[in-house]
Peer 1: 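Here it is, the structure, as structure tokens.
Not measured: the values here are computed from a predicted model.
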Amino acid sequence: MPELPEVEITCQNIEPYLVKKYITSVIVRQPHLRWPIPHNIEKILFGLRIDTVTRRGKYILIGCSKGTLILHLGMSGSLLVQHIGISPQKHDHFDLIINEDIILRLRDPRRFGAILWTTNNAMSHPLLTNLGPEPLSKVFNGSILYKSTRSRSASIKETIMNNRIVVGIGNIYANEALFRAGINPKIAAYKIGINRYIILVKAIKKTLKLAIQAGGSSINDFVHSDNSHGYFQQQYLVYQRTGKPCKKCKDSIKQIKQGQRSSFYCPSCQK
DNA sequence: AATCTTTCCTGCCGGC
DNA sequence: TGCCGGCAGGAAAGAT
């Protein structure tokens, strides 16, 4: 399940295979992702040099000589780096062939991912222009989060999962960060004070950094671009630990629904 | 049949 | 009345 740590690691893994190399062909097998892959993408990308591989939230940005390829892994996507000649599997929808040698291959069973192209400044693309701050950047701090939540009656958990407030925090790390901060996921965001927001921001950063260090988390279907699996899934503090003892106080972890998503928390440690 | 992953979009609400 | 921000729910495909 690609959350920000997985996307970050994917970027790090694919970058050396792409930068300063050339796109020598493109194969589209299934254009119907979240939005259609641009119909003429093969012609657009042919012969372009790749200059950069960066990330904005969970969007992967492949900067080329004439524009930017915007990728999103959705709920089940992964990017594989394979040698040319390896046969595609059932859900391998898109190949970028690099220097006639290496394939960057999008595998996405549930097809909630996206492949888009923009010739303008990528940051002014409609999907990117309204995104909140990067959670690991210095501008994301307790004061910013406090100010941006004054009119928010939604729960704190749903609020930190809102991309306009802060990008990149999905269901797993929202649960984990709130536990680390000792904040109950049901509290309305506007009711939380500046002091607790400072603690929460530190907890978010720590949670994401630990996950990136561990190589990204995995439940079922996240595969690293070198085809190895992530190995962080054993270390969750609350996620999917319903009924198990809290790792701080031994109380039983509770599971509830918030906005159609499962939340996990310790009723004793999170007030 | 329900669940799980992301997040955009639609429709609705209340405030000014 | 219209505009706006905010919010709840729905939608997409597939594995289990």
Side-chain angles (χ1 to χ4, degrees), chain A residues 1-11 28-37 55-61 70-79 88-94 106-116 118 125-135 145 147-177 185-192 208 211 216-224 229-230 232-233 236 238-243 255-264:
Chain A
M1 307 303 171
E3 289 219 32
L4 184 138
E6 288 86 346
V7 176
E8 173 64 27
I9 287 157
T10 295
C11 284
V28 178
R29 297 188 193 79
Q30 169 55 277
H32 298 289
L33 305 183
R34 178 164 192 163
W35 299 281
I37 297 175
R55 176 185 67 68
R56 179 75 175 99
K58 295 176 189 169
Y59 293 91
I60 296 168
L61 308 176
I70 302 174
L71 307 184
H72 198 287
L73 301 178
M75 296 172 83
S76 61
S78 57
L79 282 173
Q89 295 184 14
K90 186 176 180 182
H91 302 296
D92 292 351
H93 306 311
F94 179 87
L106 176 72
R107 177 171 298 172
D108 186 4
R110 276 160 271 185
R111 287 198 260 138
F112 289 0
I115 296 183
L116 300 167
T118 177
H125 188 278
L127 288 173
L128 306 183
T129 192
N130 291 316
L131 294 178
E134 286 289 328
L145 190 54
K147 285 177 190 164
S148 63
T149 52
R150 289 312 82 203
S151 62
R152 298 283 172 171
S153 60
S155 72
I156 183 58
K157 190 212 174 201
E158 291 171 291
T159 300
I160 61 174
M161 290 176 69
N162 182 338
N163 276 337
R164 292 184 178 233
I165 301 292
V166 55
V167 297
I169 302 175
N171 198 37
I172 294 171
Y173 297 113
N175 282 298
E176 295 292 292
K186 290 181 287 190
I187 299 178
Y190 76 92
K191 290 186 176 174
I192 297 176
L208 294 175
S217 65
S218 168
I219 301 169
N220 297 313
D221 54 4
F222 177 73
V223 179
H224 284 212
H229 286 267
F232 186 62
Q233 67 269 35
Y236 295 136
V238 288
Y239 186 72
Q240 289 191 333
R241 297 196 66 247
T242 310
Q255 178 175 354
I256 59 172
K257 282 270 188 217
Q258 292 183 282
Q260 302 157 316
R261 313 294 298 275
S262 287
S263 295
F264 305 85

Peer 1: If you restrict it to nitrogen or oxygen atoms, what contacts under 3.5 Å exist between nucleotides 14-16 of chain C and the protein, and what is each distance?
Peer 2:
from, atom 1, to, atom 2, distance (Å)
C:dG14, OP1, A:Arg111, NH2, 3.1
C:dG14, N2, A:Arg110, NH1, 2.7
C:dA15, OP1, A:His91, NE2, 3.3

Peer 1: May I have the step-by-step check of side chain to side chain contact (heavy atoms under 4.5 Å, CB included) for A:Leu131 and A:Tyr59, ending in yes or no?
Peer 2: CA-CA 11 Å; A:Leu131 294 178; A:Tyr59 293 91; 4.3 Å; yes
Peer 1: Using only side-chain N and O atoms of A:Arg261, determine if any of them is under 4.0 Å from OP1 or OP2 of B:dT6.
Peer 2: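 It does, given that an N or O in the side chain of A:Arg261 lies less than 4.0 Å from OP1 or OP2 of B:dT6.
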Peer 1: Does the pair A:Asn171 and A:Lys157 meet the rule for a side chain to side chain contact (heavy atoms under 4.5 Å, CB included), with working shown?
Peer 2: CA-CA 9 Å; A:Asn171 198 37; A:Lys157 190 212 174 201; 2.5 Å; yes
Peer 1: Nearest-Å distance, CG (A:Leu33) to P (B:dC8)?
Peer 2: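 Taking CG of A:Leu33 and P of B:dC8, I get 15 Å after rounding.
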Peer 1: Which part of the nucleic acid does A:Asp108 contact within heavy-atom distance under 4.0 Å: base, sugar-phosphate only, or nothing?
Peer 2: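 Since no nucleic acid heavy atom lies under 4.0 Å of A:Asp108, the category is nothing.
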Peer 1: Is a side-chain donor or acceptor of A:Gln258 paired with a backbone partner of A:Ser155 at a separation under 3.5 angstrom?
Peer 2: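 No, A:Gln258 side chain to A:Ser155 backbone: no donor-acceptor pair under 3.5 Å.
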Peer 1: Given atom CG of A:Leu131 and atom C1' of B:dT7, what is their separation to the nearest angstrom?
Peer 2: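 Rounded to whole Å, this separation is 11 Å.
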Peer 1: For A:Arg241 and A:Phe264, indicate whether the former's side chain and the latter's backbone hold a donor-acceptor pair under 3.5 Å.
Peer 2: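 Side chain of A:Arg241 to backbone of A:Phe264, a donor-acceptor pair under 3.5 Å: no, none is there.
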Peer 1: What is the distance from CG of A:Asn130 to P of B:dC9, rounded to the nearest Å?
Peer 2: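 Distance, rounded to whole Å: 11 Å.
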Peer 1: With a 4.0 Å cut-off, would you call A:Arg261 and A:Glu158 a salt bridge?
Peer 2: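 No, A:Arg261 and A:Glu158 are not salt-bridged.
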Peer 1: Rounded to whole Å, how long is the line connecting atom CE of A:Met161 with atom P of B:dT6?
Peer 2: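 After rounding, the gap between these two atoms is 6 Å.
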Peer 1: Give a yes/no on whether any side-chain N or O of A:Lys58 is located under 4.0 angstrom from OP1 or OP2 of B:dC8.
Peer 2: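 Checking B:dC8 against A:Lys58, no side-chain N or O comes under 4.0 Å of OP1 or OP2.
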Peer 1: Ring centres within less than 5.5 Å and planes less than 30° apart: is that true of A:Phe112 and C:dA12 in this structure?
Peer 2: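 So A:Phe112 counts as stacking on the base.
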Peer 1: I want to check something: taking the side chain as every heavy atom from C-beta on, are A:Ile169 and A:Asn162 in contact at a cut-off of under 4.5 Å?
Peer 2: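 Sidechains of A:Asn162 and A:Ile169: no contact.
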Peer 1: Look up atom NE2 in A:His72 and atom CG in A:Leu61, then write down how far apart they are to the nearest 0.5 Å.
Peer 2: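 Nearest 0.5 Å value for the NE2-CG distance: 10.5 Å.
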Peer 1: Ignoring hydrogens and geometry, is there a side-chain-to-backbone donor-acceptor pair from A:Thr242 to A:Gln255 under 3.5 Å?
Peer 2: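 Looks like no, no N/O pair under 3.5 Å.
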Peer 1: Roughly, in whole Å, what's the span from OH in A:Tyr173 to C1' in B:dT7?
Peer 2: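 It works out to 18 Å between those atoms.
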Peer 1: Please give, in whole Å, the distance from B:dC8 P to A:Leu116 CG?
Peer 2: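 About 11 Å, once rounded to whole Å.
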Peer 1: With heavy atoms under 4.0 Å as the rule, sort A:His72 into base, sugar-phosphate or nothing.
Peer 2: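 Since only primed, P, OP1 and OP2 atoms lie under 4.0 Å of A:His72, the category is sugar-phosphate.
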Peer 1: Would a distance-only check, ignoring hydrogens and angles, find a side-chain to backbone donor-acceptor pair under 3.5 Å from A:Gln30 to A:Phe94?
Peer 2: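 The answer is no, because no donor-acceptor pair under 3.5 Å joins these two groups.
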Peer 1: Distance check needed: B:dT7 C1' versus A:Leu128 CG, whole Å only.
Peer 2: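 Going from CG in A:Leu128 over to C1' in B:dT7 covers 13 Å.
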Peer 1: Write down the distance between OH (A:Tyr190) and P (B:dG15), rounded to a whole number of angstrom.
Peer 2: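 Those two atoms, OH and P, are 13 Å apart.
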Peer 1: Could you list the protein-to-nucleotides 2-9 of chain C atom pairs, N/O on both sides, closer than 3.5 Å?
Peer 2:
from, atom 1, to, atom 2, distance (Å)
C:dG6, OP1, A:Ser151, OG, 2.6
C:dG6, OP2, A:Arg152, NH2, 3.3
C:dC7, OP1, A:Ser153, N, 2.4
C:dC7, OP1, A:Ser153, OG, 2.8
C:dC7, OP1, A:Ala154, N, 2.9
C:dC7, OP2, A:Arg152, NH1, 3.1

Peer 1: Would you mind classifying the nucleic acid contact of A:Tyr59 as base, sugar-phosphate or nothing, using non-hydrogen atoms under 4.0 angstrom?
Peer 2: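 Sugar-phosphate, backbone atoms only, no base.
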Peer 1: Any strand is fair game: report the nucleotide pairing with B:dG15 by Watson-Crick or G-U wobble, both distances under 3.5 Å, or none.
Peer 2: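 Paired with B:dG15, as far as the under-3.5 Å criterion goes, is C:dC3.
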Peer 1: Applying side chain to side chain contact (heavy atoms under 4.5 Å, CB included), run through A:His93 and A:His91 and close with a yes or a no.
Peer 2: CA-CA 6 Å; A:His93 306 311; A:His91 302 296; 4.1 Å; yes
